[in-house]
Amino acid sequence: MSDAERFTRQERLAEVGPRGQERIERFTAVIRGADAADVERAYLAGAGVGTVKVETDMMPDPFAHAAAFEFAAARDVGAGAWRALASVRRALGMDRK
């Protein structure tokens, strides 16, 4: 599957579009810490983020919804997905952090 086919659904979203997908592909995301890093990296790759750097010596942003998860593995997946979404929002200029 080509990249053009791979990101067709994202490009159909009004929030993304073709120009937004280009911004995502040019974006450099930084993963802080090792907790949920694999999950976050997988989501960022799935979204088409061009460069992903891992800074294991930095603390990740707190996951505000951690209390909603009973099990640590589920909490890691939730945290990784949430942080990846925050990175994509920054790439699109939707989140000014």
What's the separation between atom [atom1] in [X] and atom [atom2] in [Y], rounded to the nearest 0.5 Å?
X: D57; Y: R32; atom1: CG; atom2: CZ; answer: 10.5 Å
X: K53; Y: I31; atom1: NZ; atom2: CD1; answer: 12.5 Å
X: R90; Y: F27; atom1: CZ; atom2: CZ; answer: 5.5 Å

Handout entry: Heavy-atom pair with the smallest gap, counting every atom of P60 and G33
Key =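 For P60 versus G33, the nearest heavy atoms are CD-CA, 4.1 Å.
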Problem - Same apolar cluster: L92 and L13, side chain cutoff 4.5 Å - result: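 Linked, L92 and L13 end up in one cluster.
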Exercise for the section: Tell me whether M94 is reachable from L85 by hopping between hydrophobic residues (I, L, V, M, F, W, Y) whose side-chain heavy atoms are closer than 4.5 Å. Expected result: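 Result: no, two separate clusters.
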Problem - Donor on one side chain, acceptor on other, Q21 and Q10, under 3.5 Å - result: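 Indeed, the side chains of Q21 and Q10 share at least one donor-acceptor pair under 3.5 Å.
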Side-chain donor-acceptor distances from residues 76-84 under 3.5 Å, at least two apart:
residue : atom : partner : partner atom : Å
R83     : NE   : D61     : O            : 3.0
R83     : NH2  : D61     : O            : 2.6

Tell me which donor-acceptor pairs under 3.5 Å the side chains of residues 37-48 have, and how far apart each pair is, sequence neighbours excluded?
residue : atom : partner : partner atom : Å
D38     : OD1  : R41     : NH1          : 3.0

